[in-house]
Amino acid sequence: MWRGLDRHRPPGVDAATHAWRSPVRGPWLTSVLGAVLLATLPLVIVTGLLDWIAYSPRFDQALPRDVGWLHPPVFDWPTRPAWLFRVTQGLHVTLGIVLVPVVLGKLWSVVPKLFDWPPARSVAQVLERLSLLLLVGGILFQTVTGLLNIQYAYLFGFDFYTAHWFGAWVFTAALVTHVAIKLPRMVTALRGPGFGRTPVERTRPEPADPDGLVAPRPGPAAMSRRGVLALVGGGSLLLAALTVGQSLDGALRRTALLLPRGRRIDDGPTGFPVNRSVAAAGVTPDQTGPGWRLTVRGGGRTVELDRDRLLAMAQHTATLPIACVEGWSTSQTWTGVRLRDLAALVGTTDPAAARVRSLERSGLFHQATLQGNQVRDADALLALRVNGVDLTPDHGFPARIIVPALPGVHCTKWVREIAFDGRADD
């Protein structure tokens with residue numbers, strides 16, 4: 001069958017194969033780019049998995065909710081260090097963006113293999129090509145949908161969270177398979193001569209290799225291998241410069257041009273970013289005005305508090321980050337009532353959970369359940385003020401949740417009710 005396929009070659013396949021003439025392609029360049037991805041992609045995968053766990057799947061809050069047998073072991077997301085989610089989500093998004101030039105460079109280095117005929121010459125090669133198809137398709141799918149998500153450009157007609165989750169598992173399985181097959185050849189290529197030290201005028205093709213990465217009819221070099229790596233590295237550094245400021249406070253935030261909501265609105269005390277505005281949430285001034293009341297439930301008791309009474313309670317101030325799933329984060333100084341003090345007010349001295357509801361009546365995150373360790377943390381607040389001034393409507397006035405290391409979408413704004421659950425043995 002393989003010989004028959006080789007005899008009946010599609011028109012133009014040989015011309016397409018010979019059109020790729022760059023002498024810099026070969027095992028060494030492909031292996032260098034592959035080594036970079038091998039060292040960094042596991043970090044993207046692990047941080048994505050940790051971020052899913054941060055959404056408290058045991059309260060059915062992680063998206064997607066129904067993951068079947070792909071459900072990983074979970075644990076209560078810790079509140080310390082307070083910047084934990086800021087780092088995991090920031091790394092996941094920023095590294096995913098920074099690696100785009102490396103991924104494109106790797107694909108460019110192996111693109112002639114797409115025109116091989118026959119596509120495979122054995123059953124083993126068929127399996128290898130299948131894993132490669134899933135690998136390339138997976139990383140392109142994850143990258144494109146992830147970039148569209150952080151730009152709030154939902155051009156695809158499916159749920160992002162579900163597609164990104166299952167796409168990640170397909171890509172991870174293909175990556176593990178590909179590494180198992182290609183790792184010995186990558187190590188061999190990297191141990192060979194240092195082709196990256198050769199200037200463009202002395203750049204020559206590598207010896208023919210079993211994988212056929214070296215051009216059969218190489219032309220003159222337009223760029224050295226060192227130049228290719230510099231171009232890829234420069235592209236990654238440029239994307240880093242345009243992205244990393246979203247996760248940092250200070251002057252670099254102004255350079256975060258790739259993140260539409262990761263930049264400061266102004267230089268005032270409430271000029272930091274917001275993900276969902278009060279207008280988008282449909283919360284009206286009548287709901288947040290003098291008639292607003294916070295309902296606190298727990299232990300069979302119900303207490304209603306207006307904002308003046310909340311301000312009259314013991315106030316606590318903490319500097320805590322707030323981090324959004326799209327990758328941006330910022331650290332601000334919040335002042336309000338400790339959640340554990342509110343729990344004690346209704347007789348729940350050792351809360352196991354707290355169910356928080358917003359004035360916003362719809363949307364994926366109009367309510368959230370907090371873990372017991374999150375409620376009991378000394379810096380977990382129902383915040384009333386930020387940076388010394390009252391919250392603005394966009395930042396959650398009259399009151400919002402702030403908890404160390406909590407995903408930003410679970411720091412519920414425009415809070416109307418908190419229901420504390422005690423431990424079963426209370």
Side-chain angles (χ1 to χ4, degrees), residues 55-56 59 61 63 85 152 261 265 268-298 302-313 315-318 320-326 328-330 332-339 341-343 345-346 353-370 374-375 379-404 406-420:
Y55 280 77
S56 298
F59 291 127
Q61 295 184 130
L63 298 176
F85 186 76
Y152 302 90
R261 300 188 194 179
I265 301 169
T270 60
F272 55 95
V274 297
N275 187 33
R276 189 165 176 81
S277 68
V278 67
V283 176
T284 64
D286 290 343
Q287 294 175 288
T288 60
W292 173 83
R293 297 292 185 271
L294 171 70
T295 302
V296 183
R297 306 182 191 276
T302 299
V303 175
E304 286 196 351
L305 306 167
D306 61 15
R307 201 166 189 276
D308 288 339
R309 188 172 172 188
L310 286 168
L311 287 168
M313 295 179 65
Q315 302 291 295
H316 179 71
T317 298
L320 297 173
I322 183 168
C324 180
V325 68
E326 279 78 20
W328 66 261
S329 61
T330 182
Q332 307 296 330
T333 301
W334 310 88
T335 300
V337 181
R338 284 187 169 108
L339 293 180
D341 290 346
L342 290 172
L345 194 64
V346 290
R355 287 169 283 115
V356 184
R357 292 182 173 85
S358 172
L359 290 171
E360 182 182 8
R361 299 291 182 172
S362 62
L364 289 174
F365 305 108
H366 69 283
Q367 62 182 14
T369 300
L370 306 179
Q374 293 169 336
V375 178
D379 288 337
L381 302 177
L382 178 71
L384 306 172
R385 295 167 61 83
V386 61
N387 299 324
V389 300
D390 287 346
L391 295 169
T392 64
D394 281 344
H395 286 302
F397 182 87
R400 69 169 301 162
I401 296 295
I402 292 293
V403 174
L406 186 68
V409 291
H410 286 172
C411 292
T412 307
K413 297 193 285 188
W414 316 294
V415 176
R416 64 179 173 90
E417 180 181 307
I418 306 176
F420 295 100

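Quick note: residue numbers are just sequence positions, from 1.
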Cut-off 3.5 Å, no hydrogens considered: what does the side-chain donor-acceptor table look like for residues 287-296, sequence neighbours left out?
unit_1	atom_1	unit_2	atom_2	d
Gln287	OE1	Thr284	N	2.9
Gln287	OE1	Thr284	OG1	3.3
Thr288	OG1	Pro285	O	3.4
Trp292	NE1	Val415	O	3.0
Arg293	NH1	Pro290	O	2.9

How about [X] and [Y]: do any of their side-chain heavy atoms sit closer than 4.5 Å?
X      : Y      : answer
Arg355 : Ile418 : no
Thr392 : Val274 : no
Leu63  : Tyr55  : no

Donor-acceptor check, side chain of Asp394 to backbone of Ser277, threshold 3.5 angstrom: yes or no? no
Any donor and acceptor pair, going by atom type alone, linking the side chain of Gln61 with main-chain N or O of Thr369 inside 3.5 Å? yes
Identify the two heavy atoms, one from [X] and one from [Y], that lie closest to each other, and give their separation to 0.1 Å.
X      : Y      : value
Val375 : Ala353 : CG2-C, 4.2 Å
Arg309 : Val303 : NH1-CG1, 4.2 Å
Ala380 : Val403 : CB-CG2, 3.9 Å
His410 : Ile401 : O-CG2, 4.3 Å
Trp328 : Pro273 : CH2-O, 3.5 Å

For Lys413, run the side chain to side chain contact (heavy atoms under 4.5 Å, CB included) check against His366, Arg400, Glu360 and tell me which one passes. Arg400
Determine whether His316 and Asp379 satisfy the following criterion, side chain to side chain contact (heavy atoms under 4.5 Å, CB included), listing intermediate values before the conclusion. CA-CA 8 Å; His316 179 71; Asp379 288 337; 2.7 Å; yes
Could you measure the distance from the CD1 atom of Ile402 to the OG1 atom of Thr412? Nearest 0.5 Å is fine. 10.0 Å
Quick check, are the ring centers of Phe272 and Trp334 under 6.0 angstrom apart? yes
Verdict with reasoning, Thr330 to Ile322, per side chain to side chain contact (heavy atoms under 4.5 Å, CB included): CA-CA 6 Å; Thr330 182; Ile322 183 168; 3.7 Å; yes
